Number of protein chains: 2
Amino acid sequence: MRKTRADAERTRDQILDAAEMTFFERGVARSSLDDIARAAGVTRGAVYWHFANKVELFLAMQDRAWLPQEDLCEQLADTPERDPLTTVADVVCDMFRRIATDESQKRVLAILLLRCEYTDEMADALRRRKDADCSLDARFGALFAAAGDRGLLHPAFTPALAQGAFRALVFGVFRRWLEAPEEMDLTTQGCAMVRAFIQVLGDAPSLKAASA
Amino acid sequence: MRKTRADAERTRDQILDAAEMTFFERGVARSSLDDIARAAGVTRGAVYWHFANKVELFLAMQDRAWLPQEDLCEQLADTPERDPLTTVADVVCDMFRRIATDESQKRVLAILLLRCEYTDEMADALRRRKDADCSLDARFGALFAAAGDRGLLHPAFTPALAQGAFRALVFGVFRRWLEAPEEMDLTTQGCAMVRAFIQVLGDAPSLKAASA
DNA sequence: CTCTTTACATACATTCATGTATGGATAATG
DNA sequence: CATTATCCATACATGAATGTATGTAAAGAG
């Protein structure tokens, strides 16, 4: 039983993996550190050596995964000067595809959205999500505003309304897939919904019949 | 200290009220029965008299409130033979309005969606939600299918796609409001998003330009 | 007016999870 | 090679939550 520091890093990762699985299966609150340690093949001593407590373990697990919001922000950072609406749809569908093929990220997001109660202790975890949401809203806001300026939006939608509805749609689709992956495929049906919505958003009748 | 059976019913309701508040504030998992009893002004003895354990208390709390899905189903049961899309929008917006004005129901739904981890113990609670979802899907499915048959749907959407997107949008809007009620008003902005979406859904260019 | 049942409060036993303290074996360091 | 720091297992102490058992005062039934 000799542990080089590379070994230590590996057990740390094993603990994080075990936390992912255990949180996903039993929920965060009902997962004891002993459950996680056992799943990782170690004892609570190892867990307490690497992490101060369950909350810090949870945060480390969250930090190891990419939040989709951060992912989207990065994608939107270097986007060419194309049609803003198509850009938005492409980026979201691309993210859907990446998440659907990454089991680990899927588990983490399922934990964050379905297996975890956000109380005062979890304030840090929640704040990170909110921050990511906020900066994402800024990027999306700019794109929808650009679409509005160029007259690309259906008159039923102001830019703000379109952004809010789009955000709700994307979240709803994603959450539904997390809840029942067997009933809905994210990359086909999910992307189809997103693209169809973007299409009708840009299908501005005002361009054809100006003031009927 | 004399308790008539009407008094007993009242303390039972007080316990349920206290459970609502406590679950909402601290989350279900972190709420002990002693917390709830204290909040209700009784002891754990009273709680254990009326409810077998925390899960049963939770289920009783859930049963006392109307799930929005059941609410919607009831509304859709006796709807006239109008435009199906407008009917759908009206019913959803009406539900939004009712929930926004009912603090208790808002709390319960926030618990169900944000403050509760669905593990194996909570299978009953989850099943009830799923059942309600299912029968709601059937009703919505019929309406969207009718809209499709009458050529009222934008060609970008099949009936099934429209239904899925609409469901995701409504859920996303609702969830966003629950998470940040101060950033978004359900009855104004939420209804606006729903109505705008329904409007562009029905804005079928195929009727004007048949085969351009 | 008895007697039983209701509707709790109180007290107790037990389990479970946590946090910490300690020990030990090896790796890293000089 | 001696020393120290790392990495983890084991053991212990504590508190919190649960479930149950018991006590009890009043209500309801006859």
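All of these numbers come straight from a predicted model, not from anything done at the bench. Letters A, B, ... are given to chains in the order of the sequence lines, protein chains preceding strands, and every chain is numbered from 1.
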Rounded distance in Å - CZ (Arg5(B)) to C1' (dC8(C)) = 16 Å

OP1 or OP2 of dC7(D) under 4.0 Å from side-chain N/O of His50(A) = no

Side chain of Asn53(B) (C-beta onward), nearest among dA17(D), dA9(C), dG19(D) = dG19(D)

Which heavy atom of Met193(B) sits nearest a heavy atom of Val173(B), and at what distance?
-> SD-CG2, 3.9 Å

Would you please confirm or rule out a distance under 4.0 Å between OP1 or OP2 of dG28(D) and any side-chain N or O of Thr4(B)?
-> yes

Taking atom P of dC8(C) as reference, at what distance in whole Å does atom CZ of Arg44(B) sit?
-> 16 Å

Tell me, yes or no, whether the heavy-atom count around Arg64(A) atom CZ, taken from other residues, nucleotides or ligands under 6.0 Å, exceeds 12.
-> yes

Evaluate salt bridge (charged side-chain N to carboxylate O under 4.0 Å, His left out) for Lys106(B) paired with Glu20(B), printing each intermediate quantity in order.
-> CA-CA 10 Å; Lys106(B) 179 181 170 182; Glu20(B) 253 186 48; over 6 Å; no

Hey, does Thr43(B) reach any base, or is it just sugar-phosphate, or nothing, if we go heavy atoms under 4.0 Å?
-> base

Trp49(A) atom CH2 is separated from dC7(D) atom P, nearest whole Å, by 6 Å

Residue pair Gly45(B)/Arg12(A) against DNA chain D: nearer the 5' end by closest nucleotide is Arg12(A)

Does Thr11(B) have a side-chain nitrogen or oxygen under 4.0 Å from the phosphate oxygens OP1 or OP2 of dC8(C)?
-> yes

Distance in angstrom units between Ile15(B) CD1 and dA7(C) P, rounded = 12 Å

Nucleotide dA17(D), atom P - distance to CZ of Arg30(A) in whole Å | 14 Å

Consider only side-chain N and O atoms of Asp35(B) and Ser32(B), and report whether a donor and an acceptor are under 3.5 Å apart.
-> yes

May I ask you to check whether Phe197(A) and Phe197(B) place their ring centres under 6.0 Å from each other?
-> yes

Send over the distance from Leu33(B) CG to dT10(C) P, rounded to a whole Å.
-> 17 Å

Between atom OH in Tyr48(A) and atom P in dG19(C), what is the gap in whole Å?
-> 4 Å

Atom-to-atom span, CG of Asp34(A) to P of dG19(C) - whole angstrom = 13 Å

